[in-house]
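Throughout, numbering of the chain's residues begins at 1 and tracks the sequence.
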Amino acid sequence: MIKTRNLKKIFRTEEIETTALNNVNFEVAEGEFVSIMGPSGCGKSTLLHLLGLLDNPTDGQYFFLDHEVSKYSERQRAHLRKNNIGFVFQSFNLIDELTVFENVELPLLYLKVSASQRKKRVNDVLEQMQIMHRKNHFPQQLSGGQQQRVAVARAVIANPKLILADEPTGNLDSAHGDEVMKLLTELHERGTTIIIVTHSPAYAEYGHRMVHLFDGHIVTENIRSEFKL
């Protein structure tokens, strides 16, 4: 599903040049659950943004679903994103002015799904995430754990092939963090490819492969023989 070759990302200002990723070679097969770890500033989120087609690399190649996408325009990247990738962020990124139902429905509007199909799919996923009783509430009326459930529901509503989760438990207590990891595990068991960035060794162990970044390089990869359930 994913392959990078000597992927590099450099951020430049008038005064300074920062290499966030340097010659990263990385592969993810369809159906994997991969955890990315490393200290703050090592390039984890930058890598996730490149893998999620939110940005282009400075150099190197990125193959996504057999397409070489490293030089794609924003329009081309957006087309691939909306049909194949779901995102879960640490800060939830819900729209305060929209209800739970409307937040989850949003990706389906972009995909021009009919109103009747939107209603059915949103209700189904809200039931699945056990948040149906909050469908008419606004994000600020929810707990952190409930907001992250809504964020996961929005990420999966279009049945993406890939879920990218950037510190999805970072703003949650341990009980709600465990809940989110359980949701991601259930999605993986149904065939979704998952890549998660986390600082937590315990949550990293939910993945079958753990990738460690340091100063923009992949320094180690550990493969687990069994998934943590």
Side-chain angles (χ1 to χ4, degrees), residues 1-13 16-30 32-64 69-70 77 80-81 84-93 144 148 151-152 155 160-172 174 176-178 180-181 183-185 187-188 192-224 227-228:
M1 174 178 277
I2 282 173
K3 179 188 291 185
T4 74
R5 292 179 180 169
N6 300 319
L7 204 67
K8 181 177 287 189
K9 184 64 180 179
I10 297 173
F11 295 101
R12 294 184 175 96
T13 67
I16 194 168
E17 178 177 290
T18 303
T19 300
L21 294 172
N22 195 7
N23 295 327
V24 171
N25 294 287
F26 180 61
E27 294 187 24
V28 178
E30 190 170 344
E32 276 199 279
F33 190 142
V34 179
S35 303
I36 301 175
M37 297 190 70
S40 296
C42 72
K44 302 186 302 298
S45 292
T46 300
L47 177 58
L48 212 65
H49 283 191
L50 295 182
L51 298 180
L53 302 171
L54 296 172
D55 197 3
N56 280 337
T58 305
D59 199 4
Q61 293 178 295
Y62 175 29
F63 296 86
F64 179 68
V69 299
S70 60
R77 295 199 313 270
L80 269 181
R81 278 198 311 269
N84 296 289
I85 303 174
F87 296 90
V88 183
F89 300 99
Q90 176 178 347
S91 56
F92 315 137
N93 284 12
Q148 196 60 296
V152 173
K161 296 179 176 69
L162 172 66
I163 295 285
L164 299 175
D166 193 358
E167 296 284 359
T169 63
N171 286 331
L172 305 177
S174 59
H176 287 125
D178 291 346
V180 168
M181 293 307 300
L183 288 174
L184 292 174
T185 300
L187 292 170
H188 172 256
T192 308
T193 305
I194 308 282
I195 303 176
I196 179 174
V197 161
T198 181
H199 278 102
S200 166
Y203 291 148
E205 289 186 2
Y206 281 76
H208 120 265
R209 182 154 56 102
M210 287 179 279
V211 176
H212 295 261
L213 280 179
F214 187 76
D215 285 350
H217 297 271
I218 292 178
V219 290
T220 62
E221 289 192 48
N222 302 320
I223 298 176
R224 294 172 56 83
F227 290 106
K228 178 175 180 178

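- For the pair Gly177 and Thr169, the tightest heavy-atom approach, listed with the atom from each and the gap, is O-CG2, 3.6 Å.
- Between Leu213 and Val219 the shortest side-chain heavy-atom distance does not fall below 4.5 Å.
- A salt bridge does not link Arg77 with Asp55: none of the charged nitrogens is closer than 4.0 Å to a carboxylate oxygen.
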Worksheet item: Passes side chain to side chain contact (heavy atoms under 4.5 Å, CB included), Leu184 versus Met181? Steps please.
Response: CA-CA 5 Å; Leu184 292 174; Met181 293 307 300; 4.1 Å; yes
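- Here CG of Asn6 is found 5.0 Å from CG of Asn23. Values are rounded to the nearest 0.5 Å.
- Of all heavy-atom pairs between Ala204 and Ser35, the closest is O-OG, 2.8 Å.
- By the 4.5 Å heavy-atom criterion applied to side chains, Val211 and Met37 are not counted as neighbours.
- Residues Gln90 and Asp166 have side chains not in contact (no heavy-atom distance under 4.5 Å, counting atoms from C-beta outward).
- Under the 4.5 Å side-chain criterion, counting only non-hydrogen atoms from C-beta, Phe11 is in contact with Thr46.
- Partners of Tyr62 by ring-ring contact (aromatic ring centres under 6.0 Å, His included), not counting sequence neighbours: none found.
- Within the 3.5 Å criterion, the main-chain N or O of Ile16 finds a donor-acceptor partner in the side chain of Thr13.
- Remark: Thr58 OG1 to Glu17 CD distance equals 8.5 Å, nearest 0.5 Å.
- No side-chain donor-acceptor contact under 3.5 Å links Gln148 and His176.
- Among the candidates Val28, Leu51, Ile85, the single residue satisfying the side chain to side chain contact (heavy atoms under 4.5 Å, CB included) test with Phe64 is Ile85.
- Here the OH atom belonging to Tyr203 is positioned 9.5 Å from the CD1 atom belonging to Ile196, to the nearest 0.5 angstrom.
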Worksheet item: Stepwise, does the side chain to side chain contact (heavy atoms under 4.5 Å, CB included) test hold for Ile195 with Ile163?
Response: CA-CA 6 Å; Ile195 303 176; Ile163 295 285; over 6 Å; no
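- Between Arg209 and Glu32, at least one side-chain nitrogen of the basic residue sits less than 4.0 Å from a carboxylate oxygen of the acidic one, meeting the salt-bridge criterion.
- Scored by the salt bridge (Lys or Arg N to Asp or Glu O under 4.0 Å) test, Glu27 finds no partners at all (sequence neighbours excluded).
- Nearest heavy atom pair, residue Asn84 against residue Pro160, reads O-CB, 3.4 Å.
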Worksheet item: Checking ring-ring contact (aromatic ring centres under 6.0 Å, His included) for the pair Phe33/His208: CA distance, chi angles, key distance, verdict?
Response: CA-CA 6 Å; Phe33 190 142; His208 120 265; 9.2 Å; no
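- Looking at residues two or more places apart in sequence or on another chain, you find a ring-ring contact (aromatic ring centres under 6.0 Å, His included) between Phe87 and Phe89.
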Item to complete: Determine, step by step, whether Glu221 and His212 satisfy the side-chain hydrogen bond (donor to acceptor under 3.5 Å, both in side chains) criterion, reporting the C-alpha distance in whole Å, the side-chain angles of both residues, the deciding distance to 0.1 Å, and the verdict.
Response: CA-CA 6 Å; Glu221 289 192 48; His212 295 261; over 6 Å; no
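- Contact of the Lys8 side chain with the Leu21 side chain is not registered, since no non-hydrogen atoms from C-beta on lie closer than 4.5 Å.
- Minimum interatomic distance between Pro39 and Phe214 (heavy atoms only, all atoms of both residues): CG-CD1, 3.8 Å.
- In this structure, Val24 and Thr4 approach most closely via the heavy-atom pair O-OG1, 2.8 Å.
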Worksheet item: Step by step, would you call Leu47 with Ile36 a side chain to side chain contact (heavy atoms under 4.5 Å, CB included)?
Response: CA-CA 9 Å; Leu47 177 58; Ile36 301 175; 4.0 Å; yes
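- Atom CG of residue Leu50 and atom CD1 of residue Ile2 lie 11.0 Å apart, to the nearest 0.5 angstrom.
- Inter-residue side-chain proximity for His188 and Thr193 is flagged as unmet; no heavy-atom pair is nearer than 4.5 Å.
- Considering only heavy atoms from C-beta on, Phe26 comes within 4.5 Å of Ile218 through its side chain.
- Closest of all the heavy-atom pairs between Ser70 and Gly60 is OG-O, 3.6 Å.
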Practice prompt. Go through the steps for Asn25 and Arg5 under the test side chain to side chain contact (heavy atoms under 4.5 Å, CB included), then give the verdict.
Written response: CA-CA 5 Å; Asn25 294 287; Arg5 292 179 180 169; 4.1 Å; yes
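- To the nearest 0.5 Å, atom OG1 of residue Thr18 and atom NZ of residue Lys9 are 12.0 Å apart.
- The distance from atom CD of Glu167 to atom OG of Ser45, rounded to the nearest 0.5 Å, is 7.0 Å.
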